[in-house]
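The next block holds one structure in the form of structure tokens; read it before the comments.
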There are 2 protein chains.
Amino acid sequence: MSGSRGRVGRIRQQHEGTILKAAEHVFARSGFQGATMAEIALRAGMPKSNLHYYFGTKVEVYRAVLAHILELWLAETDRFTPDADPREALSHYIEAKMRLTAERPDASRVFANELLHGAPEIGDYLRGALRALVADKSVVIRGWIAAGRMAAVDPEHLFFSLWALTQTYADFETQVGAVLGRSNLGPADYRRATDHVLNLVLRGCGLMPPAAIEEPPCST
Amino acid sequence: MSGSRGRVGRIRQQHEGTILKAAEHVFARSGFQGATMAEIALRAGMPKSNLHYYFGTKVEVYRAVLAHILELWLAETDRFTPDADPREALSHYIEAKMRLTAERPDASRVFANELLHGAPEIGDYLRGALRALVADKSVVIRGWIAAGRMAAVDPEHLFFSLWALTQTYADFETQVGAVLGRSNLGPADYRRATDHVLNLVLRGCGLMPPAAIEEPPCST
DNA sequence: GTCTATAAGTTGATAGAC
DNA sequence: GTCTATCAACTTATAGAC
């Protein structure tokens, strides 16, 4: 307590966390240009000069927020392995993605905004780690298809579809809410959304019987 | 030619069109806050005071761009009528949406940005015309499902999925391009994307045989 | 209708006391 | 490490000559 130098930056770590949390919220609402340091500082409960003390510039704050988000994105445990069950792997991925979208909508929005503006800060990540990951998993999926374990679906585009189908509930929540007649989405909405996406994708990949359609007789 | 007052504002109409085209591009790239009147003026090839002469304020320019886009959105001829063939109606809608996305990606991006920021300008449209449209078409779709003409899919969420699946190719083109190893998407990419979305959705709605999966024997 | 010059306001960033 | 005061740059919008 009296020691002038405790473990390196315990206070620093805490304050940086507070700032990043506030920044994620503000960047999600207003985008990079629209967000102001004053607004972030207000939300973080400290004068804006402190933000500059900890991060230097506005871009650095933004980069830190993005780095935080990319960790979330990559931490998703995916089960796309040759021996896995395609249906289980896809279900698990969709559920994980949807849970992340529901729990961290602001993270999704900051990411969406960055992409929408041409990804000036995370272009390297997209062309590097993300591209490699998709390439890897696509090999696995092509293997499943060749083995007749799922319908012929373009693996890369399947990933685009999965991202779009799940993240749309955070990025465009305003639109979804307006159409459903609510101001924002609750747990029940997300449960329904998850069921819907699971059904659509699993059936779309031939991993589910096309139930609810009248069973055609076996012999034409 | 010498008449001081020809048909009302022929020049005006032309110049407003030039400005709106430039504005759509700039707003798509930079968002509302990020875009500057100077940049729009430069792209439109006129001094920025002219923009104020024609539209008054920056917000008015933005509103005009959005109004232009909403026309496009609603002009989509949809064939969701009780007697229509579900498969044909869905195919047509997907193809139209994807064509619009490919031909006017900037329009999609401006719209996406507006939604992402909480739709401050078009909230009324979302809660009014759009909600009514979706409600209407959902009744039709529920009729198809009750008649056993397609699989049980939540109609409202189906629309969210269709919008997400198609517009993602414009809004997040940077991500798609990075994963596919290109700097931007060409006609071949859009053809492939359309095929993919058609397959996924039609099969997902039970409107297509789950081909490419080994046919299970008729009797278990 | 078109253009240059400029006013008025906002924002990122820093200086310097504590 | 924290805070107040302030600077410098930028942006919207307008005034007023042509």
Side-chain angles (χ1 to χ4, degrees), chain A residues 1-66 110 113 117 120-121, chain B residues 1-27 29-66 113 117 120-121:
Chain A
M1 214 161 180
S2 58
S4 66
R5 190 167 65 94
R7 257 166 292 261
V8 260
R10 211 169 37 191
I11 299 177
R12 181 178 201 95
Q13 203 167 354
Q14 188 185 339
H15 284 192
E16 285 183 356
T18 304
I19 294 171
L20 288 181
K21 196 179 161 191
E24 183 179 281
H25 181 90
V26 176
F27 282 129
R29 273 253 147 254
S30 316
F32 174 70
Q33 308 251 18
T36 65
M37 294 295 267
E39 197 182 348
I40 297 173
L42 181 71
R43 197 175 176 84
M46 54 182 86
K48 57 180 184 151
S49 44
N50 287 28
L51 273 59
H52 284 104
Y53 173 74
Y54 282 114
F55 288 94
T57 69
K58 182 183 177 185
V59 178
E60 286 305 319
V61 178
Y62 183 62
R63 288 211 186 99
V65 170
L66 282 174
V110 174
N113 197 72
H117 292 24
E121 301 296 335
Chain B
M1 215 159 178
S2 58
S4 66
R5 191 168 63 94
R7 256 165 293 259
V8 258
R10 212 168 35 187
I11 299 178
R12 182 177 200 95
Q13 204 167 353
Q14 189 185 339
H15 284 192
E16 284 183 356
T18 304
I19 294 171
L20 287 181
K21 195 179 163 193
E24 183 180 281
H25 180 90
V26 176
F27 282 129
R29 273 253 149 256
S30 315
F32 174 71
Q33 307 251 18
T36 66
M37 295 294 268
E39 198 183 348
I40 297 173
L42 181 71
R43 199 176 174 83
M46 55 183 85
K48 54 181 184 149
S49 45
N50 287 29
L51 274 60
H52 284 105
Y53 173 73
Y54 283 113
F55 289 94
T57 69
K58 181 182 176 183
V59 177
E60 287 304 319
V61 178
Y62 182 62
R63 289 210 186 99
V65 170
L66 282 175
N113 197 72
H117 292 28
E121 302 296 336

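Because only heavy atoms are used, hydrogens play no part in the values below, and waters and symmetry mates are left out as well, while side chains stay in. Letters A, B, ... are given to chains in the order of the sequence lines, protein chains preceding strands, and every chain is numbered from 1. Computed from a predicted structure; not experimentally measured.
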Fill in: Those residues that, when tested against B:Y62, pass ring pair (Phe, Tyr, Trp, His ring centres under 6.0 Å) (two or more places apart)
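Per chain and number, B:Y62 pairs via ring pair (Phe, Tyr, Trp, His ring centres under 6.0 Å) with B:F27, B:F32.
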Using whole Å, report how far [atom1] of [X] lies from [atom2] of [N].
X     : N      : atom1 : atom2 : value
B:H15 : C:dC3  : NE2   : C1'   : 14 Å
A:M46 : D:dG1  : CE    : C1'   : 11 Å
B:E60 : D:dT14 : CD    : P     : 12 Å
B:Y62 : D:dT11 : OH    : C1'   : 18 Å
A:Y53 : D:dT4  : OH    : C1'   : 17 Å
B:L42 : C:dC3  : CG    : P     : 13 Å
B:Y54 : D:dA13 : OH    : P     : 18 Å

Discussion item. The criterion is side chain to side chain donor-acceptor pair (under 3.5 Å); which residues satisfy it with B:R63, sequence neighbours excluded?
Written reply: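 With sequence neighbours excluded, B:R63 shows a side chain to side chain donor-acceptor pair (under 3.5 Å) to B:E60, B:E121, given in chain and number order.
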Worksheet entry | Test side chain to side chain donor-acceptor pair (under 3.5 Å) applied to A:H15 - qualifying residues, sequence neighbours left out |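 A:Y54.
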Please write out each protein N/O paired with an N/O of nucleotides 16-18 of chain D under 3.5 Å, distance rounded to 0.1 Å.
none

Item to complete: With sequence neighbours excluded, give me every salt bridge (Lys or Arg N to Asp or Glu O under 4.0 Å) pair touching residues 47-56 of chain A.
Response: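 Qualifying pairs, neighbours excluded: none.
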Worksheet item: Which residue pairs pass the salt bridge (Lys or Arg N to Asp or Glu O under 4.0 Å) test with at least one member in residues 23-41 of chain A, sequence neighbours excluded?
Response: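 Only A:E24-A:R104 qualify under salt bridge (Lys or Arg N to Asp or Glu O under 4.0 Å).
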Discussion item. What's B:F55 touching, base or sugar-phosphate or nothing? Going by heavy atoms closer than 4.0 Å.
Written reply: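 Contact class for B:F55: none.
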Worksheet item: Do B:N113 and A:H117 have side-chain heavy atoms sitting under 4.5 Å apart?
Response: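 B:N113 reaches A:H117 side chain to side chain.
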Practice prompt. Check whether any side-chain heavy atom of B:H52 lies under 4.5 Å from a side-chain heavy atom of B:M37, and answer yes or no.
Written response: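 Counting from C-beta outward, B:H52 and B:M37 do come under 4.5 Å.
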Show me the side-chain donor-acceptor pairs of residues 16-23 of chain A shorter than 3.5 Å, one per line, residues at least two apart or across chains.
{"from": "A:E16", "atom 1": "OE2", "to": "A:R12", "atom 2": "NE", "distance (Å)": "3.1"}
{"from": "A:T18", "atom 1": "OG1", "to": "A:Q14", "atom 2": "O", "distance (Å)": "3.1"}

Item to complete: Could you pull out all residues at least two apart from A:A28 that satisfy side-chain contact (heavy atoms from CB on, under 4.5 Å)?
Response: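 A:A28: side-chain contact (heavy atoms from CB on, under 4.5 Å) contacts with A:D106, A:R109, A:V110.
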Would you list the protein and nucleotides 12-15 of chain C atom pairs, both N or O, that sit under 3.5 Å from each other?
{"from": "C:dG12", "atom 1": "OP1", "to": "A:A35", "atom 2": "O", "distance (Å)": "3.2"}
{"from": "C:dG12", "atom 1": "OP1", "to": "A:K58", "atom 2": "NZ", "distance (Å)": "3.1"}
{"from": "C:dG12", "atom 1": "OP2", "to": "A:M37", "atom 2": "N", "distance (Å)": "3.0"}
{"from": "C:dG12", "atom 1": "N7", "to": "A:K48", "atom 2": "NZ", "distance (Å)": "3.2"}
{"from": "C:dA13", "atom 1": "OP2", "to": "A:H52", "atom 2": "NE2", "distance (Å)": "3.3"}
{"from": "C:dA13", "atom 1": "OP2", "to": "A:K58", "atom 2": "N", "distance (Å)": "2.7"}
{"from": "C:dA13", "atom 1": "N6", "to": "A:K48", "atom 2": "NZ", "distance (Å)": "2.9"}

Worksheet item: What nucleotide, of D:dT4, C:dT2, D:dG1, holds the atom closest to the side chain of A:P47?
Response: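 So the nucleotide nearest the side chain must be D:dT4.
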Item to complete: Please check the phosphate of D:dG1 (OP1 and OP2 only) for any side-chain N or O of A:N50 closer than 4.0 Å.
Response: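 No, no such contact exists.
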